[in-house]
Amino acid sequence: MKQLIHELMKGKNVKSNLEKYKAISVSSYMEYAALELTFSAYTMVQEIMEERPEPAERERRMAQSILELLGDLGRRDMDVETVIPQIRELRQEITERMDVLTCYTDRLLVYEYVLNRMEFKYLSEKELDQKLAAFQEPAYMKKLLAWLFSDRDQTILHEKLRLVIGQIPVHMTRNKFSQRVSEAMTLYKDGDAGALENFIYMIRTAAMVYEPVTYAEEYPEFRALLQQLADADYTGLDETAYHSLAAGLEEGASAIRDITDFYYGLQKVVNGVFAICLLQRHLHPDSESRLVRACRSIWVCLAQRQYRDEMLEPLEGRIEELLEKISALESVLMEIQASYRAEIRSAGVASFYEDLAAVSNLLSDSLFVDLDRAVKEEKADAAYVKRRTEELLEELLKKLNEVSRPVRRALMGQVLEKLPLVFENTDEVQEYIQVNLMGCQDKAEKCVVMMILWDLMQEEL
């Protein structure tokens with residue numbers, strides 16, 4: 001396989017190597033997808049039967065449809081060309097449902113931000129001073145900076161910085177905020193338009209301006225909770241009302257998390273079934289491995305809600321070796337597709353490479369990736385970025401003008417956490433924290449944020 005990949009990257013024996021790559025990929029991905037599907041389906045059935053409360057009718061219907069497909073796939077008596085449109089539609093339904101749940105979650109995060117910062121608002125001045133004194137600011141600052149810069153891995157460092165920026169009290173004008181968002185948008189100029197749209201979606205959900213098509217129809221109980229949170233007067237909220245809102249938010253967040261976990265599990269299984277169907281198009285029945293056949297027998301049992309731990313024992317340890325092969329094949333897939341388009345068409349393997357690209361996405365960590373957008377290659381030129389920036393800023397500023405000051409600061413904090421970092425060195429980071437956190441005049445908010453960051457630091461101990 002290494003020799004094959006090497007030759008393809010060097011342009012040697014392209015036609016024959018495209019066929020060899022196809023043969024290796026079909027068998028390797030089929031085994032990997034079969035194992036992934038088996039473990040995902042086992043977990044889904046276990047949760048349905050043991051851990052989750054009785055699901056609502058639509059969730060029960062959807063889970064049953066997936067189990068029936070899994071059983072048909074196990075018995076190999078399904079026509080994949082008939083099933084693929086059905087599984088695509090089912091996947092889209094779950095994705096749309098998750099889109100609504102994500103929207104609710106992001107909005108609850110904004111109000112959680114507001115309520116968190118009010119936790120100590122009802123303490124006396126003396127109690128607040130005692131809590132703040134216990135932190136010993138110089139030592140606290142030293143520990144926080146040490147924690148931030150303890151990792152050499154830049155990805156981990158940036159993630160920590162974003163977490164801190166997202167929690168620190170926001171002291172920023174709307175003009176400065178707009179400037180930060182605009183600067184972030186310019187980074188996508190001449191890049192992938194899909195990546196820009198993903199970034200815009202992330203900002204819009206964080207700022208409560210995004211509404212899915214079915215938002216008004218889904219989960220009225222969560223919509224009522226959000227309306228209650230939106231109508232609250234956070235500047236004049238008494239302690240009883242505060243605790244009532246906080247309890248309602250916690251209960252709603254827990255309910256959303258349960259439903260979200262349920263759909264997450266369903267989507268993993270749907271993606272696995274979808275991937276197997278696409279691969280089966282290109283696999284001769286007689287060449288199916290013993291491993292895949294073993295997995296099929298387990299799917300039949302799982303479809304009947306029969307499961308035992310010993311089912312999975314023969315499969316343990318098999319996925320690691322396959323993952324290594326898949327990673328090697330996947331590392332050159334996009335390059336092969338881009339470099340040998342004409343050769344792929346002339347060899348008659350274009351449909352395979354299209355399906356393999358979809359399989360790669362289906363088996364990735366991005367469970368809800370848009371398969372249609374993933375195959376498109378569109379660039380974001382300067383005019384496109386400018387237009388989308390103006391549209392985004394118009395939405396953001398409109399929302400900021402509609403909400404109260406505490407909610408406005410929460411919205412800004414949620415968005416700032418999503419933006420690229422602007423610090424040149426550790427001194428700038430230290431100055432930002434010193435000014436915006438240690439210099440915060442609201443003692444209650446300052447104390448809450450220091451406790452939140454302290455808890456983040458303790459998680460690594």
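What you see below is based on every heavy atom in this structure, not just the backbone, and it leaves out hydrogens, waters and symmetry mates.
- Side-chain atoms of Leu132 and Met450, non-hydrogen and from C-beta on, do get closer than 4.5 Å to each other.
- Salt bridge status for Lys398 with Glu394: absent, with no side-chain N to carboxylate O gap under 4.0 Å.
- Note: Thr95 OG1 to Arg91 CZ = 5.0 Å, rounded to the nearest 0.5 Å.
- Under the ring pair (Phe, Tyr, Trp, His ring centres under 6.0 Å) criterion, Tyr42 pairs with Tyr307, not counting sequence neighbours.
- Between Asn175 and Gln179, the side chains place no donor N or O within less than 3.5 Å of an acceptor N or O (distance only, hydrogens not considered).
- In this structure, Ser28 contributes its side chain and Ser25 its backbone to no donor-acceptor pair below 3.5 Å.
- A donor-acceptor contact shorter than 3.5 Å is absent between the side chain of Ser360 and the backbone of Leu356.
- Between the side chain of Glu127 and the main chain of Ser124, a donor-acceptor pair closer than 3.5 Å is present.
- Not a single side chain to side chain donor-acceptor pair (under 3.5 Å) links Glu250 to another residue, sequence neighbours left out.
- Contact of the Leu69 side chain with the Gln86 side chain is registered, since non-hydrogen atoms from C-beta on lie closer than 4.5 Å.
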Between Arg388 and Glu197, does the salt bridge (charged side-chain N to carboxylate O under 4.0 Å, His left out) criterion hold? Intermediate values first, please. CA-CA 9 Å; Arg388 296 297 284 132; Glu197 292 304 320; 2.9 Å; yes
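- Thr235 pairs by the side chain to side chain donor-acceptor pair (under 3.5 Å) definition with Asp233, not counting sequence neighbours.
- Counting only residues at least two apart or on different chains, the ring-ring contact (aromatic ring centres under 6.0 Å, His included) pairs with a member in residues 160-190 are Tyr188-Phe199.
- Ring geometry, Phe135 versus Tyr140: the interplanar angle exceeds 60°, so the pair is classed perpendicular (tilted spans 30 to 60°).
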Before you tell me yes or no, could you show the steps for Leu196 and Ile200 under side-chain contact (heavy atoms from CB on, under 4.5 Å), namely the whole-Å CA-CA distance, both residues' side-chain angles and the distance that decides it to 0.1 Å? CA-CA 6 Å; Leu196 172 61; Ile200 292 172; 4.0 Å; yes
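- For the ring-ring contact (aromatic ring centres under 6.0 Å, His included) condition, the pairs that include at least one residue of residues 223-243, sequence neighbours left out, are Tyr122-Tyr242.
- In this structure, the side chain of Thr205 engages the main chain of Met202 through a donor-acceptor pair within 3.5 Å.
- Rounded to the nearest 0.5 angstrom, Leu108 CG and Met208 CE are separated by 10.0 Å.
- At a cut-off of 3.5 Å, with distance as the only test, no side-chain donor of Lys268 or Thr43 sits close to an acceptor on the other residue.
- Between Cys295 and Leu37, every side-chain heavy-atom pair lies at or beyond the 4.5 Å cut-off.
- The pair Lys160-Asp151 counts as a salt bridge, with a side-chain nitrogen and a carboxylate oxygen less than 4.0 angstrom apart.
- A donor-acceptor pair under 3.5 Å is absent between the side-chain atoms of Arg180 and the main chain of Leu419, judged by distance alone.
- Proximity of a side-chain donor or acceptor of Ser339 to a complementary backbone N or O of Ile336 within less than 3.5 Å is not detected.
- Residue Gln46 holds its CD atom at 7.0 Å from CG of Asp309, rounded to the nearest 0.5 Å.
- Using modelled atom types, one finds a donor on one side chain and an acceptor on the other under 3.5 Å when comparing Asn401 with Arg174.
- For Ser244 (side chain) and Ala241 (main-chain N/O), no donor-acceptor pair under 3.5 Å exists by modelled atom type.
- Once rounded to the nearest 0.5 Å, the distance linking NE2 of His158 with CG of Asp153 reads 9.5 Å.
- Cation-pi geometry between Lys143 and Trp454 is met: the NZ or CZ atom falls under 6.0 Å from the ring centre, inside 45° of the normal.
- Comment: Arg318 does not engage Glu31 in a salt bridge, judged by the lack of any side-chain N to carboxylate O separation of less than 4.0 angstrom.
- In this structure, Arg387 does not pair ionically with Glu390, as no charged nitrogen and carboxylate oxygen lie closer than 4.0 Å.
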Would you check, one step at a time, whether the test salt bridge (charged side-chain N to carboxylate O under 4.0 Å, His left out) holds for Glu402 with Lys399? CA-CA 5 Å; Glu402 291 173 350; Lys399 174 58 72 173; 3.7 Å; yes
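- With salt bridges taken as basic N to acidic carboxylate O contacts below 4.0 Å, none links Glu112 and Arg107.
- Residues Lys131 and Leu123 have side chains in contact (heavy-atom distance under 4.5 Å, counting atoms from C-beta outward).
- The CE atom of Met30 sits 4.5 Å away from the CD1 atom of Ile276 when rounded to the nearest 0.5 Å.
- The closest donor-acceptor contact from the side chain of Ser40 to the backbone of Glu36 lies under 3.5 Å.
- At least one side-chain heavy atom of Ile5 sits less than 4.5 Å from a side-chain heavy atom of Met1.
- Looking at residues two or more places apart in sequence or on another chain, you find a side chain to side chain donor-acceptor pair (under 3.5 Å) between Gln92 and Glu96.
- Proximity of a side-chain donor or acceptor of Ser364 to a complementary backbone N or O of Asn361 within less than 3.5 Å is detected.
- Under the ring pair (Phe, Tyr, Trp, His ring centres under 6.0 Å) criterion, Phe39 pairs with no residue, sequence neighbours left out.
- How far CE of Met457 is from CG of Leu148: 8.5 Å, rounded to the nearest 0.5 Å.
- Qualifying ring pair (Phe, Tyr, Trp, His ring centres under 6.0 Å) partners for Tyr104, counting only residues two or more places apart in sequence or in other chains: Tyr215, Phe222.
- Lys325 and Glu321 are not joined by a salt bridge, as no carboxylate oxygen comes within less than 4.0 angstrom of a charged side-chain nitrogen.
- Scanning for side chain to side chain donor-acceptor pair (under 3.5 Å) contacts around Asn116 gives an empty result, with sequence neighbours left out.
- Listed by chain and number, the residues in a salt bridge (Lys or Arg N to Asp or Glu O under 4.0 Å) with Arg162 amount to none (sequence neighbours excluded).
- By the 6.0 Å contact criterion, CD on Gln136 is open, its count of non-hydrogen atoms from other residues, nucleotides or ligands being 12 or less.
- Asp99 and Tyr201 share a side-chain donor-acceptor pair at under 3.5 Å.
- Remark: Phe423 engages Tyr432 in a ring pair (Phe, Tyr, Trp, His ring centres under 6.0 Å) (not counting sequence neighbours).
- Sorted by first then second residue, the salt bridge (charged side-chain N to carboxylate O under 4.0 Å, His left out) pairs that include residues 428-448, not counting sequence neighbours, are Arg117-Glu445, Glu125-Lys443, Asp129-Lys443, Glu137-Lys446, Arg409-Glu445.
- Under the 3.5 Å distance criterion, the side-chain polar atoms of Thr214 are left unmatched by any main-chain donor or acceptor of Glu217.
- You'll find the side chain of Tyr29 stays beyond 4.5 Å of the side chain of Leu322, heavy atoms only.
- A 4.5 Å side-chain heavy-atom check between Arg204 and Glu395 finds at least one atom pair inside the cut-off.
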Thr102 vs Phe368, side-chain contact (heavy atoms from CB on, under 4.5 Å): CA-CA, chis, key distance, verdict: CA-CA 12 Å; Thr102 300; Phe368 303 93; over 6 Å; no
